[in-house]
Amino acid sequence: MALNNTYDARLLQQETAVGAGVQLLLLTVLGTAIGLGPAGWLTGLAFGLATWAVLSRALHRTRPRSFGAANRVTLGRATLVGGVTALVADSFQSPPPVTVLVALTATALILDAVDGKVARRTGSSTALGARFDMEVDAFLILVLSVYVAAAVGPWALVIGGMRYAFVAAARFLPWLNNALPPSTARKTVAALQGVLLLLAGSGILPYALTSGVVALALALLTWSFGRDIGWLRRTRDSAGHEVERVAVDRPRETATVGAP
């Protein structure tokens with residue numbers, strides 16, 4: 001058993017190492033083709049190292065039997081996000097190659113619709129895979145909001161920071177961690193964030209329309225978060241009362257378990 005566990009661990013380490021290597025290769029290609037500056041290189045390398053470290057730790061903790069095809073797709077998406085991150089960091093020193101940035105972002109957004117389907121088709125859906133997918137999505141939105149903020153103003157940063165603010169608030173308000181019911185509207189709004197921010201950052205729209213697109217993204221995201229927070233707040237008391245009722249009824253239930 002120990003040998004199998006060690007073998008599996010090595011295979012998982014190889015998967016994350018390959019991901020880190022591909023990230024370095026992408027940065028090298030970008031550096032050769034467009035001449036990444038120090039900010040782009042350092043940010044891209046930091047992203048790749050952080051992704052490798054966090055993912056390796058999560059795999060070691062959950063000990064899955066295999067990495068899975070869906071996680072490979074998500075890891076590829078994370079690599080593209082690392083390239084976008086490097087380009088955005090470099091944009092503060094020199095104008096970025098918008099075509100390359102748009103191509104990397106668009107591919108990452110398209111692949112976002114692939115990994116979930118692969119996981120369901122192969123029966124390999126896991127909590128780790130879902131969390132990995134969500135974190136990659138959230139970070140891409142953060143990076144894109146930083147990029148468009150340079151054009152429309154710092155208020156666009158609220159889009160990228162909203163999810164992280166929600167996670168921080170949940171540390172002090174545990175009821176925010178309660179499970180939410182499935183929602184097509186939530187998924188649609190989440191998917192639109194990347195599309196709208198990519199459209200705003202593409203440079204094909206005049207300033208007024210660019211600001212309007214970003215404002216629309218912010219309005220939709222605010223509505224979605226507000227609706228979910230409202231639902232969690234309304235249901236926290238009923239959930240607490242249900243737990244209390246079960247605790248009160250438990251002695252009576254226990255008394256009837258062995259009744260003839």
Side-chain angles (χ1 to χ4, degrees), residues 14-37 39-56 58-59 67-92 94-119 128-150 159-160 163-164 187 190-204 217:
Q14 289 174 7
E15 297 274 6
T16 57
V18 168
V22 174
Q23 182 71 83
L24 180 59
L25 177 61
L26 176 59
L27 293 175
T28 302
V29 171
L30 292 175
T32 303
I34 64 176
L36 278 179
W41 269 106
L42 290 175
T43 305
L45 289 173
F47 176 87
L49 180 61
T51 300
W52 171 81
V54 172
L55 184 57
S56 296
L59 290 170
F67 192 69
N71 282 335
R72 292 189 187 99
V73 175
T74 307
L75 184 57
R77 215 156 46 81
T79 301
L80 296 174
V81 172
V84 174
T85 302
L87 292 176
V88 171
D90 211 44
S91 70
F92 291 97
S94 60
V98 177
T99 302
V100 177
L101 189 148
V102 169
L104 291 178
T105 304
T107 305
L109 292 174
I110 292 171
L111 289 177
D112 187 26
V114 174
D115 48 10
K117 292 182 179 179
V118 171
L128 173 61
R131 180 66 182 271
F132 186 24
D133 176 65
M134 180 175 62
E135 295 299 341
V136 172
D137 290 343
F139 194 81
L140 177 58
I141 298 304
L142 175 62
V143 171
L144 291 177
S145 68
V146 170
Y147 180 62
V148 300
I159 297 174
R163 188 256 175 181
Y164 295 99
K187 293 179 180 179
L192 282 175
Q193 295 305 300
V195 175
L196 292 174
L197 289 177
L198 177 59
L199 178 61
S202 65
I204 62 176

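Just so you know, these numbers come straight off a predicted model, no measurement behind them.
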Spatial distance of atom NZ (Lys117) from atom CG (Asp112) [nearest 0.5 Å]: 11.0 Å
Sidechain-backbone polar pair: Glu15 side chain, Phe67 backbone, donor-acceptor under 3.5 Å: no
Check: Asp115 and Arg77 side chains under 4.5 Å, non-hydrogen atoms: yes
For Gly44 against Ala86, the heavy-atom pair lying closest together: CA-CB, 4.1 Å
Between Asp133 and Thr74, a side-chain donor and acceptor under 3.5 Å: no
Any side-chain heavy-atom pair of Val148 and Leu144 under 4.5 Å: no
Contact check, side chains of Thr79 and Thr51, non-hydrogen atoms, under 4.5 Å: no
For Ala217, all residues meeting side-chain contact (heavy atoms from CB on, under 4.5 Å), sequence neighbours excluded: Ile159, Gln193, Leu196
Where Leu80 and Leu26 come nearest, the two heavy atoms and their spacing: CA-CD2, 4.2 Å
Phe47 side, atom CZ; Thr43 side, atom OG1 - distance, nearest 0.5 Å: 11.5 Å
Audit row: Leu45, Leu24, side-chain contact (heavy atoms from CB on, under 4.5 Å) steps and yes/no: CA-CA 7 Å; Leu45 289 173; Leu24 180 59; 3.9 Å; yes
Asn71 side chain reached by Leu75 side chain, heavy atoms, under 4.5 Å: no
Validation row: Leu87, Ile34 side chains within 4.5 angstrom (heavy atoms): yes
For Glu135, side chain to side chain donor-acceptor pair (under 3.5 Å) partners two or more places apart: Arg131, Arg163
Contact summary for Leu27 and Gly82, nearest pair of heavy atoms: CD2-O, 4.4 Å
Exam field: side chain Asp90 to backbone Gly37, donor-acceptor pair closer than 3.5 Å: yes
Backbone of Leu142 reached by a side-chain donor or acceptor of Ser145 within 3.5 Å: yes
Residue pair Leu109, Leu140: steps toward the side-chain contact (heavy atoms from CB on, under 4.5 Å) verdict: CA-CA 9 Å; Leu109 292 174; Leu140 177 58; 3.8 Å; yes
Minimum-distance pair of heavy atoms, taken over all atoms of Val98 and Gly201: CG1-O, 4.0 Å
Listed partners of Ala20 passing side-chain contact (heavy atoms from CB on, under 4.5 Å), at least two apart: Trp52
Student check: side-chain heavy atoms of Tyr147 and Val143 closer than 4.5 Å: no
Minimum-distance pair of heavy atoms, taken over all atoms of Ala58 and Leu128: CB-CD1, 3.6 Å
Leu111 and Val114, any side-chain heavy atoms less than 4.5 Å apart: yes
Heavy-atom closest contact (Leu30 atom, Leu36 atom, distance): CB-CD1, 4.0 Å
